[in-house]
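Contents: one structure, followed by commentary.
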Amino acid sequence: MADSSKVTLLDSWYSPFGMRVRIALAQKEIEYEYKEENLSDKSPLLLQMNPVKKQIPVLIHRGKPVCESLIIVQYIDEVWNQKSPLLPSDPYQRARARFWADFVDQKIYSLGKQVWLSTGEAQEAAKKELLDTFKLLEGELGQKPYFGGETLGFVDVALIPFYTWFSSFEHCGNFTMVEECPKLVAWAHKCMEKESVSKTLPDLKKVFDFLMDFIKKQKANK
Amino acid sequence: MAEEVKLLGFGGSPFSCRVEIALKLKGIQYEMIPQELANKSPLLLEHNPVHKKIPVLLHHGKPICESVVILEYVEETWKGVPLLPEDPYERAMARFWAKFIDEKCLSTVWKACFSKGEEQEKGMEEVLGLLKTLESQLEGKKFFGGDNIGFLDIVADFAALWLGVLLEVAGVDLLNDSKLPLLCKWIEEFNNCPVVKETLPPRDMLLKFFKMQQAATGPQYK
């Protein structure tokens, strides 16, 4: 039975973690209220709903908050289980999906930041590890159109928002994704054919400019 | 059949113990294949090429890696004693706090216990804050899982034994009734459970091991 209680999402337009939730909500065709958070001036609602981490995204459903993007995506999948399942039904395939989504979480954000912000040998090492990470993901994708098989799944949702960061990695790391990881680029384009992705991901240039500005400020503060 | 389920694990690892506790709670027979942490076996490298870490569960020869992913797999594969609540919101809460333990608590404890002087003081303050936040989830309950141990109790196994040992090695008195009353009570209850008693390594062995670590070059454990 579709749950029709009010759904609110506290998020920030540029956050890949927030995008995961937005894609999941779109896949399930769930109506929700979107509230943009300014992370340098966090709202009382955000601080009340996520007192532990004080971070977005936060999904508020039936008045109760769910935090941490992949936990929210699993929650959405379990509550609105009638349509577009994101996790497979087989326990072993579910474990694989959770493993690779966790892998994305462990690697991409921290390595990406190092590629942006460090220089010299440290940056080269981070770039190598980031590319190795992408290549491992290509290996897991194999010949499938999506990590989820024939349809968008949990790992696709976990990873595709980082497509908005590809050009910033290329710029800072001095490489091109299409040369290094052509399969992953093809996969990203395939995901973009889905409305739930193309309507969710912000304009790539807008994200690139935002990130360059962020990087400039971070480097100036050091 | 016992030969269907194997665990590449290590008796002294809280991550490995999590899986053993879960399997025992479900009444699953398994074969433990002990691994050496410093000398990774071909079997481990074959079945966890990405992280090269224990625990790895082998079910019908198929590997599942990452302790929390394994716990979810065990829960979904074998019925019987439920580890996670049925309600999706309660499940999301259990997953959130498990992530809090793994991402915030463990690394902060490690760092604080193996640092010195002012750095250790600051670290211990942070540890106390995190543990107080965690123990708030025990308010009015015997276990994180309610009347019986569940997913979050199992993930918190670190706090039941390793935490106290590390604090003792560091010479810091933090884990007492006045500072962390709920956690201390939980530790007692958790350690009284038969499957836990059967699984956790002897305290004096762990103490000896970590005293050696501290005398040498710091945490080699992970």
Tell me whether A:Lys199 at atom NZ has more than 12 heavy atoms from other residues, nucleotides or ligands lying less than 6.0 Å away. no
If I measure from the heavy atoms of chain A, does B:Pro63 come under 4.5 Å with its side chain, its backbone, both, or neither? both
How many angstroms lie between atom OG of A:Ser15 and atom CG of A:Leu39, to the nearest 0.5 angstrom? 8.0 Å
Rounded to the nearest 0.5 Å, what separation is found between the CZ atom of B:Phe144 and the CG atom of B:Leu138? 4.0 Å
B:Leu8 and B:Leu44: which non-hydrogen atoms are nearest, and at how many Å? CD1-CA, 3.9 Å
Let me know if B:Val68 has heavy atoms under 4.5 Å from chain A in its side chain, its backbone, both or neither. neither
Heavy-atom closest pair, residues A:Leu201 and A:Pro161: CD2-CA, 4.1 Å
On a heavy-atom basis, the closest approach of B:Ala92 and A:Ile71 is O-CG2, 3.6 Å
Can you list the donor-acceptor atom pairs spanning chain A and chain B that come in under 3.5 angstrom?
| unit_1 | atom_1 | unit_2 | atom_2 | d |
| --- | --- | --- | --- | --- |
| A:Pro65 | O | B:Tyr89 | OH | 3.1 |
| A:Glu68 | OE1 | B:Lys99 | NZ | 2.7 |
| A:Glu78 | OE1 | B:Arg91 | NE | 3.1 |
| A:Glu78 | OE2 | B:Arg95 | NH1 | 3.1 |
| A:Glu78 | OE2 | B:Arg95 | NH2 | 3.1 |
| A:Tyr92 | OH | B:Pro63 | O | 3.3 |
| A:Arg94 | NE | B:Glu76 | OE1 | 2.9 |
| A:Arg94 | NE | B:Glu76 | OE2 | 3.1 |
| A:Arg94 | NH2 | B:Glu76 | OE2 | 3.2 |
| A:Arg98 | NH1 | B:Glu76 | OE1 | 3.4 |
| A:Arg98 | NH1 | B:Glu76 | OE2 | 3.1 |
| A:Arg98 | NH2 | B:Glu72 | OE1 | 3.4 |
| A:Arg98 | NH2 | B:Glu76 | OE2 | 3.1 |
| A:Gln106 | NE2 | B:Glu66 | OE1 | 3.2 |

Heavy-atom closest pair (B:Pro201 atom, B:Leu161 atom, distance to 0.1 Å) is O-CD2, 3.4 Å
Which atoms of A:Pro65 approach chain B - backbone, side chain, both or neither, heavy atom under 4.5 Å: both
Nearest heavy-atom approach of A:Pro88 to A:Ala97 is CD-CB, 4.4 Å
Are there residues of residues 181-190 of chain A that reach to under 4.5 Å of chain B by heavy atoms, and which ones? none
Picking from A:Cys67, A:Pro91, A:Pro51, which has the most non-hydrogen pairs under 4.5 angstrom with chain B? A:Pro91
Compare every heavy atom of B:Cys65 with every heavy atom of B:Ile70, then report the nearest pair and how far apart it is. CG1-C, 4.1 Å
Begin from the C-alpha positions of A:Asp11 and A:Glu36 and carry the test side-chain contact (heavy atoms from CB on, under 4.5 Å) through to its verdict. CA-CA 5 Å; A:Asp11 196 354; A:Glu36 178 70 21; 5.6 Å; no
Before you tell me yes or no, could you show the steps for A:Leu10 and A:Leu59 under side-chain contact (heavy atoms from CB on, under 4.5 Å), namely the whole-Å CA-CA distance, both residues' side-chain angles and the distance that decides it to 0.1 Å? CA-CA 6 Å; A:Leu10 309 183; A:Leu59 190 81; over 6 Å; no
